[in-house]
Amino acid sequence: MAILEIRGLAVDFKGFRAIDGVDMDVERGELRVIIGPNGAGKSTLMDLITAKTRPTAGSVTFDGADITGLDISDISARRGIGRKFQGPNIFGAMTALENVELALNGHNTLIKALFYRRTRQTLEQIDAALARVGLYEKRGLPAGALSHGEKQWLEICMLLAQNPKLMILDEPTTGMTAEETYKTGELIMGMSGEHTIIVAEHDMDFVRQVASTVTVLHQGRVLAEGGIADVERDPRVVAVYLKDSDSAEDGQESVKGASGA
Amino acid sequence: MTGLLAAARRMRVNRHIDICLLVFLAVFPMFASKFRVDVMAGFMAYVIFALSLDLLWGYTGLMSFGHAVMFGMGAYVGGLTNAFQKGVPDFMAKYGVTEIPSFFAPLAAPALGNALAVLLPGLLALAVGIFIFSSRVSGVFFCLITMALASAFATFTNSTQQYLGGSNGINRITRFAFGGAPVSVTQNYYIILIALAASYIFCLWLVNTRFGKALTSIAGNEDRLRFLGYKTRDFKLLVFVLSGMLAGFAGLLSVRTTGFVSPTSCGLEMSTMAVVWVAVGGRGNLTGAVAGTLLINWAESILSERIASQWQLTIGVILLLFVLFMRDGLIGAALGAQDRRRQKKLREAL
Ligand SMILES: Nc1ncnc2c1ncn2[C@@H]1O[C@H](COP(=O)(O)OP(=O)(O)O)[C@@H](O)[C@H]1O
Ligand SMILES: [Mg+2]
């Protein structure tokens, strides 16, 4: 059975259907990539799964339970869904290590937060997560002083510390150089299997690199779904997305521009 | 010894200032006049009040313009408790009240009365907090609601003549007594100093827990924290209650030092003053609340004798200057300079 089942999901923003009847199944341990032009509804779909936005219709079932409209913190702490937002979203004044420590799972209730102590065991967990994204050396720096790419990795690292069943990553490679994007791809592939991952991406090289199941979103609807090769050949997909995405990349050599909110 | 020196060098600059301030306050009665010692004791009670606001505003980002309600409530409850020890106070007798009203009965027992001076503000914070934080209102709304609370409370105390003394408030409150006569000015000074040190250590512990880090993160990006699985509402509620209790404690100490409490101790003006103290010292590092409170209050006490009529204006200008040119306050600026130096070293080492 799929770990995530989305049925007839729709949301209406004052008459504008940002998500319009989406059905989607994601298997346990799968790495699912969602692509689609800007404004297709990728971020909104993620908002609906993580309870940031309430759907107008439809349901989200996770791990056998209906999670539609739960509290955000419950979605995270109890159900085990972690999320990385589009663009870095870290606590700049705290060190990289403190950011990861804050995300460490199992210490988030009021009482546990009051009496949490940094032990050798928790420090090992934190260090391991930092090492995995290559930020161990910089763990003492304030997160705000890290480079753009490093901030993105720090957020992925916080997700690792959260250790969720499902990780949702919204455009994790935005603003990265080609080399950094490649490294991020490797990192995400390494995390799949252990975690179920949904990642929204803009960068076709990245999608080809992780080569998994792709869902193409367009105007709030699923336009196509399947392997990357099939999707890339699909004439409808070529028409709405791939062409203008490639032409958009021409203008930018090695660094992709931030693709807006 | 070298280990100690190295540890001292690793400390953040405000911890050095803390120690200097503590030593200064500890020896202050040895060279200052009795009058100044008593004034300083009152200011130290204000410092505890400022610390309570720093927890709320400096760390959690909840700017309250009504925090003096908690302070005033502690002062009124503490003041009434003291007054009841000599039977029905004059201001009540004047209105024909012949015995202590039943709803004030718990205050006839000094231990319970003093405990209530701390607990009741906490309860009020809990009630107001549940209302505010459950509806997930924005920061500006928190400002406005607390502001409204301050005016309501001041109006209430002002108009309750026969029970709270109206605009005169409650006067001739004596210093703490342990068995016999009230303690001396110097003894009272050291009681407040110990209370201040204990409050400070409590705050320092609190902000360094994971709970404290979560508070700072609420100020930075509350939604992000919720996505990390924190029920931020509970966190805000607890800090509001703790902060309310600490403010009530400060009010209790203040009333037993200065000897009186009136509606001006719990209104908008007093709330705003606390905001100014914390803003000038710098919020979110505790030391700023201490330094700012002492600095502004001494300046007021010395300067207002000379420029009494312009003092309000002076305070307004000071606040404006800090908001425009020194948002982090005095201590915040010092900390920022140290952090930049450290970061540079760290980056060079990599
Ligand atoms: N809260 C909102 N209110 C109104 N419109 C919104 C809201 N959130 C998103 N939208 C709109 O929904 C569409 C989908 O946006 P989004 O999900 O961010 O797209 P993507 O992430 O694929 O670029 C956009 O047209 C956007 O303007
Ligand atoms: Mg988006």
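Below, all heavy atoms of this structure are taken into account, side chains as well, without hydrogens, waters or symmetry copies. Convention: sequence-line order gives letters A, B, ...; per-chain numbering from 1.
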*Take atom CD in B/Glu348; do more than 12 heavy atoms of anything else shown fall under 6.0 Å from it?*
yes

*Would one find more than 12 heavy atoms of other residues, nucleotides or ligands at under 6.0 Å from atom NZ of B/Lys213?*
yes

*Compare every heavy atom of B/Gly229 with every heavy atom of A/Ser76, then report the nearest pair and how far apart it is.*
OG-N, 3.1 Å

*asked:* Only heavy atoms, only distances under 4.5 angstrom. Which residues in residues 149-166 of chain A are near chain B?
replied: A/Glu155, A/Met158, A/Gln162

*Where along residues 96-119 of chain A does a heavy atom come under 4.5 Å of chain B, listed by residue number?*
A/Glu98, A/Glu101, A/Leu102, A/Ala103, A/Leu104, A/His107, A/Asn108, A/Thr109, A/Leu110, A/Ala113, A/Leu114, A/Phe115, A/Tyr116

_Just so I understand: if I count every heavy-atom pair under 4.5 Å between each of B/Leu225, B/Leu238, B/Asn221 and chain A, which residue has the most?_
B/Asn221

*Does the side chain to side chain contact (heavy atoms under 4.5 Å, CB included) test come out yes or no for A/Thr50 and B/Phe227, once each step is laid out?*
CA-CA 8 Å; A/Thr50 56; B/Phe227 281 102; 3.5 Å; yes

*Hey, what do you get for NZ (A/Lys52) to CZ (B/Arg226), rounding to the nearest 0.5 Å?*
10.0 Å

*Dump the intermediate steps for side chain to side chain contact (heavy atoms under 4.5 Å, CB included) on B/Arg224 and A/Ile90, then the final yes or no.*
CA-CA 8 Å; B/Arg224 181 75 184 92; A/Ile90 38 107; 5.8 Å; no

*Is there side-chain contact between B/Arg233 and A/Ser73, with at least one heavy-atom pair below 4.5 Å?*
no

*Mind ranking A/Pro142, A/Ala93, A/Ala51 by heavy-atom pairs under 4.5 Å with chain B and telling me who comes out on top?*
A/Pro142

